[in-house]
There are 2 protein chains.
Amino acid sequence: MIAVDTGGADEGVATVVEGARRAGTAVTLFGPAAEMALPPGEVVDAPLVIAGDEEPVHAVRAKPEASIVQAARAVGDGRAEALVSAGATGAALAASLFHVKRLRGVHRPAIAVLLPVPGHPTLLLDAGANVEVRPEHLVQFALMGAAFMRAVHGTARPRIGLLSVGEEAKKGTPYVVEAHARLAALAGELAGHEFIGNVEGHEVTAGTVDVVATDGFTGNVALKLMEGTARTVTAAVRDAVRASALASLGGLLVRGRLAGLRRELDPNATGGAVLLGLRRPVVIAHGGSSAEGIANAVRLARRAVDGRVVERTAEALASAGVLRSAGTASVAP
Amino acid sequence: MIAVDTGGADEGVATVVEGARRAGTAVTLFGPAAEMALPPGEVVDAPLVIAGDEEPVHAVRAKPEASIVQAARAVGDGRAEALVSAGATGAALAASLFHVKRLRGVHRPAIAVLLPVPGHPTLLLDAGANVEVRPEHLVQFALMGAAFMRAVHGTARPRIGLLSVGEEAKKGTPYVVEAHARLAALAGELAGHEFIGNVEGHEVTAGTVDVVATDGFTGNVALKLMEGTARTVTAAVRDAVRASALASLGGLLVRGRLAGLRRELDPNATGGAVLLGLRRPVVIAHGGSSAEGIANAVRLARRAVDGRVVERTAEALASAGVLRSAGTASVAP
């Protein structure tokens, strides 16, 4: 059963409920029961929402009855198999850290986003959970991303790239250079992925890499820049088409194709961001998710459970020997 | 007179010579004289080229006769007013640091690139000169970028944004948060620009900011990601148009408009990257520049000289009180 937090969705509770219904799998809904007509599963009444402008760690501590906190606790307790949130990313991350908890040996969970590269979905992580990272974090991000792509997307041998400013191993910040060396040293021992070295910005959308590992600052900027650029370019194309060919059959056909392309580039299509490195799958739906976007997020959580992504992540990290040992434990955020 | 280094251009020496001719301003060409038929200005024979795969600092020191080194020396000596290079960015940067030299009080020169945002050219810096920065570097980048936009693009009061992962002043790495505080503290004293705070990735292409300041790692990734995304999206659109409307008049009209859009998004149109923070203007043309791209780079260098960009940068940094003092001098790279 998937715990679905309905709190804070831009399109309202009813859209989340409708999306959860469409997903076609067992759910429990956490949110304002009064706003849910004919819910597709059990409802835990939780009218209190943590908003995007609240300081997440403080809010999660101060509001144990908030919908995201109750939903995360249900997952942590084993009452639910996975968590889907339609609310604020920061609150979902904080609630998951406190209640779902990190997988043993993971330094830091990461936010992974499947980029809608046409014909070749590409996983980018970290997309913003950790604005500063150390080399061991980047190494874990890379391996967690590869495990996700194997378990959930059936990519047999994911190609891992490390985002940097040049292809050569020595290019980038000292942390990136060190992470490159560690990933290169692992490569021979592992059959589960291929480390293709550094990738530059233009390679992220080229369809030549399956997992792009980076720090949460660069990853967040990159993700939003990609969305903004795609929007700017498609808007310019739409204007060009309108100006030149509105009345013609050709223009209409072209506009139909553009609509298809916009759907393919739509973040709703990929089901949202995934938190990797926790004891259960957590999916954070896009803020402005449609009902179909929510349904895709719930389906993604279901696939993550069925594909045993958590277990396979733990195995991948253990077999690569990159688990955090007790002696070098870092403090959880 | 503009010193033009013809070495290392992807399209060959003849293309650079043709571009320099088209620019319609006085030039001296540094490169292999034997390959230059009817040069549009004086030629300094310099057949030796520093290639993109050489370690720049070492190569610039070891090859004083290389075309980029001779051209930079001519600018440093006052024989030329500005430098345009069609060769490797790293070599141009290193040669400029050694021979054109930093403006007094500048911590680190930055690579500034005018992004082809349709209808609203937006300056991004640093695009790769400094993979790690301190807050005082970011502050100088922001003010140098604003001075450039005033002097060269006639932007009366450039809006400066600091690239980060959220709009709130506390979002980002500690260095970004500190730079934000310093820029915000300056804002009231200065009439020459407006600090609009943090900007996120999607705002870079939205046309709502004139100068985007960031570190060279993030800036380089962002620039290449924007190019890659624009290429991926326009290719997808082209395929969609071909598949649906190739034979129709509408399709032809649309394709004509798309060609116009591609020209607008073409990096050649903006004349290349500019090194800010040196004693003379330095423009690095796009690696694959056409003759028109080279001409635009030379024209940009001419405008930078005529617009007194160096003098105005020095004034802006001095009046803001952010010049590096002798006591806190950092070592030049």
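Every value quoted in this text rests on a predicted model; they were computed, and no experiment measured them. A, B, ... follow the sequence lines: proteins, then strands. Residue 1 opens every chain. All values below were derived from every heavy atom in this structure, side-chain atoms included, with hydrogens, water molecules and symmetry-related copies excluded.
Comparing A:Thr232, A:Val176, A:Val204 by heavy-atom pairs within less than 4.5 Å of chain B, the highest count is held by A:Thr232. Per-residue counts of heavy-atom pairs under 4.5 Å with chain B were compared for A:Ser164, A:Gly207, A:Gly166, A:Gly216; the largest is that of A:Ser164. By number of non-hydrogen pairs under 4.5 angstrom with chain A, the leading residue of B:Thr173, B:Asp215, B:Thr214 is B:Thr173. Ranked by heavy-atom pairs shorter than 4.5 Å toward chain A, the options B:Gly128, B:Gly219, B:Ala206, B:Gly172 are led by B:Gly172.
Using a 4.5 Å heavy-atom threshold, the side chains of B:Ile50 and B:Val60 count as touching.
Heavy atoms of A:Val199 lying under 4.5 Å from chain B are absent altogether.
Atom CD1 of residue A:Ile196 and atom CD1 of residue A:Ile160 lie 9.5 Å apart, to the nearest 0.5 angstrom.
Residues A:Glu200 and A:Lys171 are not paired through a salt bridge, judged by the lack of any N-O separation under 4.0 Å between the basic side chain and the carboxylate. Under the 4.0 Å criterion applied to side-chain N and carboxylate O atoms, B:Glu168 and B:Lys170 are not assigned as salt-bridge partners.
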Which is it for B:Val139 and B:His107 under the side-chain contact (heavy atoms from CB on, under 4.5 Å) test, yes or no, and what are the steps along the way?
CA-CA 10 Å; B:Val139 170; B:His107 294 282; over 6 Å; no

